[in-house]
Every structure is written in structure tokens, then in C-alpha cells.
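Residue numbering restarts at 1 for every chain, and letters A, B, ... go by the order of the sequence lines. Quantities reported herein were computed from a predicted structural model and do not represent experimental measurements.
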Amino acid sequence: MLRIRDAADRGGRLSWALLSVLFLLTALPAGASAQTQGVDLSGYLRTYGGVLTSGGNAGDYAVIQNTFDLRLERRTRSGALYVNPVLYHYPSRDVEPELLLRQAYLDIYTDHFDLRLGKQQIVWGKSDGVFITDVVSPKDFREFLLPDFQEIRVGVTGASLNYYRGGSTFQAVWLPLFESNRFPGQESLWAMPVPSFQEGVTLDPDRGEVEARLENSQLFGRWSLLGSGVDLEVVGAWYLDPNPVYHIIPADGTPGSGGVAYLEHHRLVLGGGSAAWPVGGVILRGEVAYQDGRRFQAAGPSFPDGTMESDLLHYMVGADYNVLGVDVSGQFIQEVMLDHRPEALRRERIRTATLLLRDSFRRDTLTLELFTYYGVDDKDALIRSRLLWDLADGYELQVGMNLFTGPDSGIFGRFDANDMAFVKLKLSF
Amino acid sequence: MNNLKTIEAGLLALLLLAVAVPTWSVDAQELSAGEIMWKVYERPEGADRTSTLTMVLRNRFGDERVRSIRQFSIDLGAVEKKLMFFTAPADVKDTSFMIWSYDEEGREDDQWIYLPALRKIKRISSESKGDYFMGSDFTYDDLGDRWPDKDTHTILRDESLDGIPHWVIESRPKEADSMYSRTVVWVRQDGSWLGTKKEFYDPEGDLLKTLTVEKIEEIQGYWTVMESVMHNVQNDHRTIMSLADVSIDVGLDGELFTERSMRRGY
């Protein structure tokens, strides 16, 4: 049985990681530049504040966060060592600072192969802001889609082997340990509504954990080409769905009679690919994934455990171009449940569009950006606007607004009360 | 960051690299303005190159920003490939940029950018040649090799610069939507086919920018411009562009110019 692994307590491993980093830092002679010791030291310090501007909680702080992101890298001709611990501090919340080891890996280089061992972020696909074939690294949705995507993607522990031939790259990934997507708790601003089918049902948190066993490992493969006139990717995956589904054991054997529920991550097979190619001054992009045997929530006598199985087709078509100096990028994304039944607790088709507008001024030191998700079916949207100002080399100030609009039924509209103004100050080193 | 064309041939053409050839005097009466510009365009530059490029952007108040790039290029005949790794400022460090430029007339460049924060390589459009490169005073088009037949050339006069005789040649674009109404370049008459100064005029005909070569060195038999300054006279902004660690004909492998290098670095 596949079960959710309780990922809550990583304290021991993180403390070990922090100690390792401190050891590396203290190993450098005082006053010596990191580069002279062969260790490249970089990262950033960021302070980020956001205040709600709508709903009954207008004026409340949505977030106050300090972040220290440190990257240590030592490279030689035959390999590299990379460690990236990140510390999040929330001064307005009664929580301990959160220490993450975003990545920590060892590279081994040969003429035609690279082998990467350890915790790493792996990114696939050609979509912006959506995840179609990008299934290797799980996602952290605790702050919805608002963090930088570097922070949304969770590092995974495993081995990645790349083989290079001409312009082609063949990649094989083995992940011995499973990590789920991360979701907000019910106390969060970004909590998802509790499905109605769970009423009267008790969640068994101990059941459903994915045990750390070989049989629960995951395999991924990818071929990619950067070619003259076209870029291609073909991917395949044998993996565990990072989005768990609720299984219900009815109290008296009939649905709706209460009982016990548990979360389960199901094994999936995925095939797909992506492409990008220029046509005149436009870059066209496409990405598609076919998921075989995915589980979805369902309600009805035919589905006593609250789930049904259906293949899923997920695709994106998009284009990037420049109009009067403004970068414009549009995407249309659709998910289609190929074996949809009326009892399914989601639509047969979910359609989303995105639009990015970006322009730079004052010698690229001032950038104005607008990125919008639009839910075609619910007519809801998330409109993200921000102004980025490079105050000096390495210093960046961001101010912006996140606006949610639309009905509660939409994934964006349900956060209509979470409109937020924010400011970020970042020092990169 | 669109539209870098032929960076090694580009930067170097714009930086006015020259080949070391025996110095001899060329009779101006023997060559037309167009023939001279073809000589400048076809100047040999080596099969491959590596260098470190530093740009200091200085505004009218003396405030400076620094951009550093480690760059590699190779000429494979029908295609020229260029790979750049941004090393400063810190917030763009490890970003890489690759361009494949084709000899075939009318064929657009292939261009990609690797964004380390996203861990993703994106293909980008080769349009917008008029955009400024990294906030400097150089447009992407300035950095590329401009096909001589795109302009109509006229010898304005002979002039001595630093005691060296030069042709002063005016080039007017044949296309209607060019960002410059004309350019004027000073080309040495010593057979090096090296330009040492260039003026750029805006669509209204007013002087917009002046490029001057400050330092030239002979490296592995090639005269190489090590430092030049582009001065935008309309807003009094300067870009000081300097090269270091230049190596030419080092035998770079064509497989350097792939996804692997973009992600891994140099």
C-alpha cells in the first residue's frame, strides 16, 4: 500500500544540513574570498511583506517573511559539489524559522555523461506557470502560486544521469524516496475547501504513508534536442501521483454513512513531450502529457470508496512575441478527463489561459510585468502585476499587487478576499 | 535579451577587431566605398575565440554599473555559434545565452537563454535588433556584423586620426525602418581594414552615439580591440567595453555549444 509519508518533521536532517554548511563556511579562512578557495559563494537576502486589500481582513498582513538563500558550489573539471540551504523567517507568525535544503548534490562529469547524486530540482517542459510534463520535482503550494517558481519546486533526492550526443540529451532519473506536493493547512489563507464528501468522515492520518521502499521508487526519462529551427522534448514517467486522493471506508458499507478516510498516492504512467519553434518573430510552444490510470474523487453508489479512475490528457499551446517593445506571451491550457462520468467531482474539461506582458525601461533597471491566469470555465482570474527596480547592481525592489476575481467555484475566484499588495527588497551577492 | 547577432563576429566587428596583416598603404582611388566596407566585413577573425567581456555603464552623474560575461564562439562555416555566461551582477550570475547565426541570407538566428532560477532553457525570438544589450549603449544590431549590401556607402573624405590616414565612409540604410538614418565610420588606410571610430545618427539626422576605440593589442597574430567606448551624446551616457583573457584559435569543440554547457556553465 502506498501511504503518505509524514514530511512534517525534517528537523533532524535540516539541522545536519545547516551544520554542514556552517562547517563549510568556517572552513574558509577569515577574510579570504570564497573564489580563491575554489568555493563559489552566492545567494540572496530578501525581505517580503504583503497586506490584504480586500474582504473582511483588509489591512491584515498576508505575509511578512525574511529569506536567506545561500549557495555554495565547488567545481573541478571532473565534477561539482552544490549546497543550497534556505532559511525562512516569519516574524509575524508564531512559528519557528523554517530551514530547507533546497538542493544538495554531487556531480560527476565524463566526456559524454553527467551523473548528479543527491537532492536536486529537475524541471521539464516548455510551459510557463503551469506543470504538464514538469512532474519530477513536487510542488509546494502552501502559498498557492505566489512564490517564485524556484521556491514552488521542491528538491528531490535521487540520481540523474545525462548522456549527450550531438545536440541531444538523454536523461534518466531514479528517485528512491517519494515526496508529495505540499498543500496549505486549514488555518492558511490559501486553504482549499474541504470536499463535501468528507462530511461525517474521520481522516486517518497514519494510513496512506508512502513507505521508503524500493518498490515505491520512481523512474523518469527524457530526450531533448536544441536544434536549428526547433526544440523538442519527449518524456516518460513511472511515478506516484504527488496529488493524493481520498479513499473512504464507509462505516456500514454504504456511501454517505460516514466512516474513515485516508489519503493515497497512486502509481501513474505518463508519456508526453513539448516543442518550441520560431515562425517569423514569434516563438510557438506546445506541450502535452497523457496520464494513464489517474484517480479522481467521485461520489455515488458506483464509487463506494470515493474514487474513480480515468486517463487524463493535459496540453498547452502558446506563443511568445514582441509588440512595440513589449514582450507578450500567451498560453491556452486544457485538461481532459477521458473517462469522465457524471459522478466525478470535477469537470470533464478544465481550461485555463495565461497572459504575460513585460516591458523594461531605464536601461533595463525598471521592469513592469503583468501575468494573468484566467479560468475559462469559471471566468475567474489571478492578475499579478509588479514593478521591479534595480536600485543598484544586486539590489532589487519589487512592488506589486495580486488580484483575485471571480466566483467561489473557481480556483482563483475562491481567494477573492485575498487580494494583496506586496513589497520585496532583495540583495543578491 | 533578444537578438544578439554573431557575437564574436558581432562584438568583435563592433569592437572593430582587425587581422594582423603587413601594413601597407592602399590607394584610395583603387577601391570604392562599398569595396572597402566589404573588406572590413570579410576580415578574418580566427576559427574560434574565448574572452571575458566587461561593460561599465556610466551615466551623466558618474554612477556606474558593471556587467561581466565570459564568452565563447566558433565559426563552423555556414553557422557561427556563440555562448555567453553572465558572471556579474550577482542577480544574473549563471544565466547563459546561446546564439547560432547563419550565413544564409534572410535566415533568422536561433537563440536560447538559460535562467538558473527557473532551471529552464527558453528559445527566444531573434526580433528586436534595436533593443539595447544589457542596458548598455550598444544595441543587439550594433553588436552584429551588418551585411554591407544593406547600406549605400560613400567616401566622404580622407582624414588623419592619431597620425594614421583613414577613409571616412558614410553608410545609409536601404531599408526604411532602420534605427539609424546613417552611420559614419573611420577605416584605417594601412590595409588592416580596421575601423577606429564610428558615428550613429538618429532618424531625425542628429548625432546619437559615437564609438571610439581606446586600446588595441595584437593577440596570436590578430589585432584585437581591447577597449572601446560608446557615448550616447544625447543623454550623455557611456558604455566602456573591455576584453580580457582573449584566446583565439584554441580548438574549441563544437559540442560546447549545446544544452549541456548552458546548464552546467564553463
Going from CG on A:Asn322 to CD1 on B:Ile124, what distance comes out if it is rounded to the nearest 0.5 angstrom?
-> 11.0 Å
Choice from B:Met98, B:Glu64, B:Lys122 maximising heavy atom contacts with chain A below 4.5 Å | B:Lys122
Spell out the residues in residues 251-259 of chain B that have some non-hydrogen atom less than 4.5 Å away from a non-hydrogen atom of chain A, in order of number; otherwise answer 'none'.
-> B:Glu255, B:Thr258, B:Glu259
So which part of B:Arg264 gets closer than 4.5 Å to some heavy atom of chain A, the side chain, the backbone, both or neither?
-> both
Gap separating the CG atom of A:Asp134 from the NZ atom of B:Lys120, nearest 0.5 angstrom = 6.5 Å
When you look at A:Asp320 and B:Arg123, which way does the salt bridge (Lys or Arg N to Asp or Glu O under 4.0 Å) test go after all the steps?
-> CA-CA 10 Å; A:Asp320 308 328; B:Arg123 176 181 282 267; over 6 Å; no
Is the closest basic N to carboxylate O distance between A:Arg363 and B:Asp137 below 4.0 Å?
-> yes
Closest heavy-atom pair, A:Arg75 versus B:Tyr266, reported as atoms and distance to 0.1 Å, is NH2-O, 3.7 Å
Shortest non-hydrogen contact from B:Tyr132 toward A:Asp364 = O-OD2, 4.1 Å
Look at the side chain of B:Asp110 and the backbone N and O of A:Ser228, then say whether any donor-acceptor pair between them is shorter than 3.5 Å.
-> no
Please identify each residue that fulfils salt bridge (charged side-chain N to carboxylate O under 4.0 Å, His left out) with A:Glu369, with sequence neighbours left out.
-> A:Arg358, A:Arg386
Region of A:Arg153 in contact with chain B, defined by heavy-atom distances below 4.5 Å = side chain
Please look at B:Val79 and chain A and tell me whether the side chain, the backbone, both or neither of the residue comes under 4.5 angstrom of a heavy atom of that chain.
-> neither
Residues from residues 107-118 of chain A approaching chain B under 4.5 Å (heavy atoms) | A:Tyr109, A:Thr110, A:Asp111, A:His112, A:Phe113, A:Asp114, A:Arg116
So which part of A:Tyr164 gets closer than 4.5 Å to some heavy atom of chain B, the side chain, the backbone, both or neither?
-> side chain
Is it the side chain or the backbone of A:Gln120 that comes within 4.5 Å of chain B heavy atoms, both, or neither?
-> neither
Please state whether the side chain, the backbone, both or neither of A:Val230 comes within less than 4.5 Å of a heavy atom of chain B.
-> backbone
Shortest non-hydrogen pair, B:Asp91 vs A:Ser428, comes out as CB-OG, 3.6 Å
Is the number of heavy atoms from other residues, nucleotides or ligands under 6.0 Å of A:Trp223 CH2 greater than 12?
-> yes
Report yes if some heavy atom in the side chain of B:Pro116 is under 4.5 Å from a heavy atom in the side chain of A:Arg71; otherwise report no.
-> no
Identify which part of A:Leu226 has an atom lying under 4.5 Å from any heavy atom of chain B, answering side chain, backbone, both or neither.
-> both
Check each atom of A:Thr365 against the heavy atoms of chain B and say whether the ones under 4.5 Å are side chain, backbone, both or neither.
-> side chain
Check each atom of A:Tyr82 against the heavy atoms of chain B and say whether the ones under 4.5 Å are side chain, backbone, both or neither.
-> side chain
Separation between CZ (B:Arg260) and OG (A:Ser168), nearest 0.5 Å, reads 13.5 Å
Side-chain contact, heavy-atom cut-off 4.5 Å: B:Arg65 with A:Asp390?
-> yes
Smallest separation among heavy atoms of B:Ser125 and A:Gly281, with atom names | OG-O, 3.0 Å
Return the set of residues passing ring-ring contact (aromatic ring centres under 6.0 Å, His included) with A:Tyr321 (not counting sequence neighbours), or none when no residue passes.
-> none
